[in-house]
Amino acid sequence: MPDVRASLRAQRIETPSWAYANSGTRFKVFAQPGVPRDPYEKIADAAVVHRFTGVAPTVSLHIPWDDVDDFGKLAAFAAEQGVTLGVINSNTFQDDDYKLGSVTHPDPRVRRKATDHLLACVDVMDATGSTDLKLWFPDGTNYPGQDDIRSRQDRLAAALQKVYDRLGAHQRMLLEYKLFEPAFYTTDVPDWGTAYAHTLELGRKAQVVIDTGHHAPGTNIEFIVAFLLRQGKLGAFDFNSRFYADDDLMAGAADPFQLFRIMYEIVRGGALDPASGITFMLDQCHNIEAKIPAIIRSVTNIQEATAKALLVDPDALAAAQQEGDVLAANAVFMDAFSTDVRPLLASIREEQGLDPDPHGAYRRSGYAEKIQAERVGGVQAGWGA
Ligand code: LRH
Ligand code: MN
């Protein structure tokens, strides 16, 4: 049995700067009182999540949403707050030039512009000390015949190679796939197979990101986790949950059993340990619910799924699997999933000098009231869609 308490103490979950700001759907982004107005305030909120959970010491940035004059100064501010700047996310999905694609656009001028942005994100990594560049491309087409599917793959591969060659020795790129949206006929990186093939072509510094909201309904995501882990090509997760499409809801809210099955493959693959190099991130939008409590809930949902996964008895499971005892094997799994792990997590928090109930602790902290009173005026940060 893995040392459950030690594994849970060592768990690390990165929170996304953009989840603290206004974000929502194409229909409406609802503003909320107390929302950050700049990356400094986003990082301050992320530090509060870490203060109450103890497992969220890094924050991912999105460029240009988190552009500042001095990234070194931002990194120093983060350190003062007790957190570190993490994954750098590129953005080739909000510029008018990218209507027909960014790195896959038919026009070489547009492709160069997009690639230059990706290279500029590596410059940001150099300034913040980040090691991971996360690349998600909205690129795709809406109608058959609109563009040549094969040529777009050639353009994508060429751009990825250019960025790959720019990476420093300790830096890597994480390629994210998504089935559809904003494109509705072809998407140039639509699934794990396409992402995997491109990262194989590139080399060891390229790995795949699994965003749990980016699959066709019914996709067995834990199979993808097991497969990419086996290939050494699983680089990171964007955790969230969904009932239908890329809903970006709180991780574990829509399907806690799926999150448990995913975390079980992580535990089984020996990939929970931070040394495994997998970055566990949230990628969510809190359009109608208060943002910081929603992120704390998402973190504890992942902790609970992880604790249950760590409680799967590997010997009993292996024995039942070996004997072909289907029901017994499934029972071992369900016993772990049906275990209430909240007392275990509460005692680990107490052991770490944290309040056993981070949700209540945040409510009692008065932080929500404080930022609502302070953050008056100015322009609330958002994803500006
Ligand atoms: C794309 C995505 C990507 C981010 C964006 C905020 O849907 O998952 O990871 O860049 O959301
Ligand atoms: Mn994502």
Side-chain angles (χ1 to χ4, degrees), residues 13-30 32 60 62 87 89 93 134-138 140 174-187 189-195 208-228 234-266 278-306 308-309 337 382-383 385:
I13 299 161
E14 181 158 314
T15 66
S17 66
W18 55 98
Y20 298 99
N22 289 326
S23 57
T25 76
R26 58 185 166 168
F27 298 104
K28 175 69 177 165
V29 172
F30 293 101
Q32 296 184 20
S60 18
H62 219 295
V87 174
N89 287 262
F93 51 89
K134 186 163 75 120
L135 302 176
W136 171 69
F137 298 104
L174 304 169
L175 183 57
E176 184 175 358
Y177 58 88
K178 181 174 178 179
L179 184 65
F180 78 103
E181 189 205 37
F184 296 103
Y185 170 55
T186 67
T187 290
V189 188
D191 55 30
W192 71 272
T194 308
V208 179
V209 179
I210 296 180
D211 184 312
T212 49
H214 287 187
H215 304 83
T219 299
N220 186 319
I221 298 176
E222 57 270 28
F223 172 87
I224 302 170
V225 173
F227 186 92
L228 290 174
L234 178 58
F237 282 94
D238 268 2
F239 283 123
N240 48 61
S241 71
R242 53 84 171 273
F243 291 104
Y244 302 103
D246 192 18
D247 308 353
D248 281 339
L249 301 174
M250 294 187 290
D255 191 344
F257 186 43
Q258 180 189 61
L259 185 57
F260 160 75
R261 300 192 314 265
I262 289 171
M263 293 316 295
Y264 171 74
E265 289 305 330
I266 290 291
I278 295 182
T279 306
F280 298 93
M281 295 174 282
L282 295 176
D283 179 6
Q284 302 175 171
C285 296
H286 304 297
N287 198 17
I288 62 172
E289 70 271 28
K291 301 171 190 296
I292 297 171
I295 295 167
I296 294 175
R297 174 61 64 186
S298 307
V299 169
T300 58
N301 283 351
I302 294 174
Q303 288 183 297
E304 290 170 25
T306 307
K308 291 172 187 246
F337 179 66
W383 63 358

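Because only heavy atoms are used, hydrogens play no part in the values below, and waters and symmetry mates are left out as well, while side chains stay in.
Although no hydrogens or angles enter the test, the distance criterion places a donor-acceptor pair under 3.5 Å between the side chain of Asp247 and the main chain of Ala245. Distance alone, capped at 3.5 Å, is enough to place a donor-acceptor pair between the Thr25 side chain and the Phe27 backbone. Between the side chain of Asn287 and the backbone N or O of Lys28 there is at least one donor-acceptor pair closer than 3.5 Å. Listed for the Glu265 side chain is no donor-acceptor partner under 3.5 Å among the backbone atoms of Phe223. Using a distance-only test at 3.5 Å, with no hydrogens or angles considered, a donor-acceptor pair links the side chain of Gln284 to the main chain of Ala251. Using modelled atom types, one side-chain atom of Ser241 and one backbone atom of Met250 make a donor-acceptor pair closer than 3.5 Å. Between the Lys291 side chain and the Ala21 main chain, a donor and an acceptor come within less than 3.5 Å of each other.
For the residue pair Asp191/Thr194, the side-chain donor-acceptor check at 3.5 Å is satisfied. Remark: the His215 side chain and the Tyr177 side chain contain an N/O donor-acceptor pair separated by less than 3.5 Å. For the residue pair Trp18/Asn89, the side-chain donor-acceptor check at 3.5 Å is not satisfied. In this structure, a donor-acceptor pair under 3.5 Å is present between the side chains of Asn240 and Thr212.
Interatomic distance, Met263 CE to Gln303 CD, rounded to the nearest 0.5 Å: 10.5 Å. Rounded to the nearest 0.5 angstrom, Thr279 OG1 and Glu14 CD are separated by 6.5 Å. Here OH of Tyr264 is found 14.5 Å from CD1 of Ile262. Values are rounded to the nearest 0.5 Å. Rounding to the nearest 0.5 Å places CG of Asp211 at 9.0 Å from CE of Met281.
The salt bridge (Lys or Arg N to Asp or Glu O under 4.0 Å) check on Arg242 picks up nothing, with sequence neighbours excluded. By the side-chain hydrogen bond (donor to acceptor under 3.5 Å, both in side chains) test, Ser23 pairs with no residue at all, sequence neighbours left out.
Closest approach of Lys178 and Thr187 over heavy atoms only: O-CG2, 3.2 Å. In plain terms, the two heavy atoms of Ala183 and Pro138 that are nearest each other are CB-O, 4.2 Å. What you find for Ala19 and Ile295 is that their closest heavy atoms are CB-CD1, 3.8 Å. Shown here for Ile278 and Ala236, the closest heavy-atom pair between the two residues is CG2-CA, 4.1 Å. Between Val189 and Ala195, the shortest heavy-atom distance links the atoms CG1-CB, 4.0 Å. The two atoms that bring Ile13 and Leu282 nearest to each other are CG2-CG, 4.1 Å, heavy atoms only.
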(Q) Quick one, Thr219 with Leu179, criterion side chain to side chain contact (heavy atoms under 4.5 Å, CB included). Give me CA distance, side-chain angles, the key distance, then yes/no. (A) CA-CA 11 Å; Thr219 299; Leu179 184 65; over 6 Å; no
Q) Checking side chain to side chain contact (heavy atoms under 4.5 Å, CB included) for the pair Phe30/Asn22: CA distance, chi angles, key distance, verdict? A) CA-CA 7 Å; Phe30 293 101; Asn22 289 326; over 6 Å; no
Q: Begin with the C-alpha distance, continue with both residues' side-chain angles, and end with the deciding distance and a verdict on side chain to side chain contact (heavy atoms under 4.5 Å, CB included) for Ile302 and Phe280.
A: CA-CA 10 Å; Ile302 294 174; Phe280 298 93; over 6 Å; no
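Under the 6.0 Å distance and 45° angle rule, Lys308 does not count as a cation-pi partner of Phe260.
Val208 is not listed as a side-chain neighbour of Leu175, based on a closest heavy-atom distance of 4.5 Å or more. Using a 4.5 Å heavy-atom threshold, the side chains of Leu228 and Trp192 count as touching. Side-chain contact check for Asn220 versus Ile224: every heavy-atom pair is 4.5 Å or farther apart. By the 4.5 Å heavy-atom criterion applied to side chains, Val225 and Phe227 are not counted as neighbours. When side chains are defined from C-beta on, Glu176 does not count as touching Leu135, because their heavy atoms never get closer than 4.5 Å. In this structure, Phe93 and Trp136 have side chains that are in contact, with non-hydrogen atoms separated by less than 4.5 Å. Taking the side chain as every heavy atom from C-beta outward, Phe239 and Leu259 approach each other to under 4.5 Å. A 4.5 Å side-chain heavy-atom check between His286 and Leu249 finds every atom pair outside the cut-off.
You'll find the ring centres of Tyr20 and His62 outside the 6.0 Å limit.
Salt-bridge annotation for Lys134 and Asp238: present, with a side-chain N of the basic residue lying under 4.0 Å from a carboxylate O of the acidic one.
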